[in-house]
Visitor: 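Take this structure first; my questions come after.
These numbers come from a predicted model, not from an experiment. Atom set for the values below is all heavy atoms of this structure, side chains included, hydrogens, waters and symmetry mates excluded.
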Amino acid sequence: MIKYYSCEDKGIVEQPEWQPRYWINVETPDQYDFEVLRGLCVPESFLESVADRDERPRFEHEDGWLLTILRIPHRTADGYITVPLGVMTKGEIIITVCHISTQMIADFIEHSRKRHICVDNQPDFVLRLVYSSTFWFLQYLKEINASVAASTGLLRKSVRNELLLGLMSLQKSLVYFNTALQGNSMLIERLNKVYADDCDADLLEDVEIEMGQASNTVNVYMQILSTSMDTFASVISNNVNDIMKRMTSISIILMVPTLVASFYGMNVEVWGCAVSCAFGLIVSLSFLLAAAVWYWLHRLKWV
């Protein structure tokens, strides 16, 4: 879907049609949207690059156009991922293209209206987008941390495969976030060189601070989750060993009466067979020996 926005004193306002200096935002583009973009002479290679889900943050020049690709967070039913957002600029044309409809763009527009933010140049527009993406990285990191805490609490009561798989999915999301933040940080470092002295120094500093906070946060959460997974792996291994030890102890205890019964089950004369209460004596002896073995294993803390 393609939409047109103008940047005014009261923020970003949607417009019915495009005019110079308007922002063109395209989400989940269809064939009509591609035709409009081709009508503006957007390079085909730019559209192909943005369509690549694994495209890294970078700058690219072609035919007077500048393509800026940054990665933004997105929440799905299966977890958290990052997707590329392409910003294409040439003269008075500003175009953003994303093949997934994310909550970030809507929030970016709403925030500009609440704060009456007017973006008057292309570098600041890119910085504002990066700043908004960093906010959503931090927001989703809080949700991931809450999910990890909830899963950890449940795993203390009962170790289940579903919970472990959920933690593994969150760990994968943190890796995606960490890689995206590193790429966006490198993009910000090059932004000053690409746009020369057009960047707002205060805004650039704010973005760098937020990016640093997000990077530190994701690294801390990755270490915590990795340590938790290692701990639970050790707990599972220890539980398995404990179960095997108990099963072995039970097998040893049961082996004693089985061994006595085997001896007296032979088709030969054995000691005590002529006694009238031989059966009771043999059973009593078997249980007495089993009790002695149980006491010995108990002293060893096997049972």
Visitor: Nearest 0.5 Å, what's the CD1-CZ distance between I94 and F125?
Guide: 5.5 Å

Visitor: Could you measure the distance from the OG1 atom of T152 to the CG atom of N145? Nearest 0.5 Å is fine.
Guide: 9.0 Å

Visitor: Checking side-chain contact (heavy atoms from CB on, under 4.5 Å) between F59 and each of V126, I69, L67, L187, which is the one that passes?
Guide: L187

Visitor: Side chains of S49 and R58: donor-acceptor distance under 3.5 Å anywhere?
Guide: yes

Visitor: Under a 3.5 Å threshold, yes or no: a donor from one side chain and an acceptor from the other, between S215 and Q182?
Guide: no

Visitor: Quick check against the 3.5 Å criterion: does S132 have a side-chain atom that pairs as donor or acceptor with the backbone of R128?
Guide: no

Visitor: Do L181 and Y221 share a hydrophobic cluster (ILVMFWY, side-chain heavy atoms under 4.5 Å, transitive)?
Guide: yes

Visitor: Would you name the heavy atoms of V50 and M88 that are closest together and state the gap between them?
Guide: CG2-CE, 3.7 Å

Visitor: Would you kindly say whether T96 and W23 are connected by a side-chain donor-acceptor distance under 3.5 Å?
Guide: yes

Visitor: Given the side-chain rings of Y140 and Y80, with only the six-membered ring counted for Trp, is the space between their centroids under 6.0 Å?
Guide: yes

Visitor: Please answer whether the main-chain N or O of S169 pairs with a side-chain N or O of S173 as donor and acceptor at a distance below 3.5 Å.
Guide: yes

Visitor: Between Y5 and V13, is the side-chain contact (heavy atoms from CB on, under 4.5 Å) condition met? List the steps.
Guide: CA-CA 5 Å; Y5 298 93; V13 181; over 6 Å; no

Visitor: Just so I know, are the side chains of Y32 and I2 near enough to count as touching, which here means a heavy-atom distance under 4.5 Å?
Guide: yes

Visitor: Determine, step by step, whether E44 and L47 satisfy the side-chain contact (heavy atoms from CB on, under 4.5 Å) criterion, reporting the C-alpha distance in whole Å, the side-chain angles of both residues, the deciding distance to 0.1 Å, and the verdict.
Guide: CA-CA 5 Å; E44 194 69 28; L47 301 178; 4.3 Å; yes

Visitor: Ignoring hydrogens and angles, tell me if any N or O in the side chain of S237 forms a donor-acceptor pair with the backbone of S234 under 3.5 Å.
Guide: no

Visitor: Spell out, as yes or no, whether a donor-acceptor pair under 3.5 Å connects the side chain of T28 to the backbone of H99.
Guide: no

Visitor: If Ile, Leu, Val, Met, Phe, Trp and Tyr residues are connected whenever their side-chain heavy atoms lie under 4.5 Å apart, and connections chain through other members, are Y131 and V218 in the same group?
Guide: yes

Visitor: So, the side chain of N178 versus the backbone of L174: is there a donor-acceptor pair under 3.5 Å, distance only?
Guide: no

Visitor: Are H298 and W294 close enough that their ring centers fall under 6.0 Å?
Guide: yes

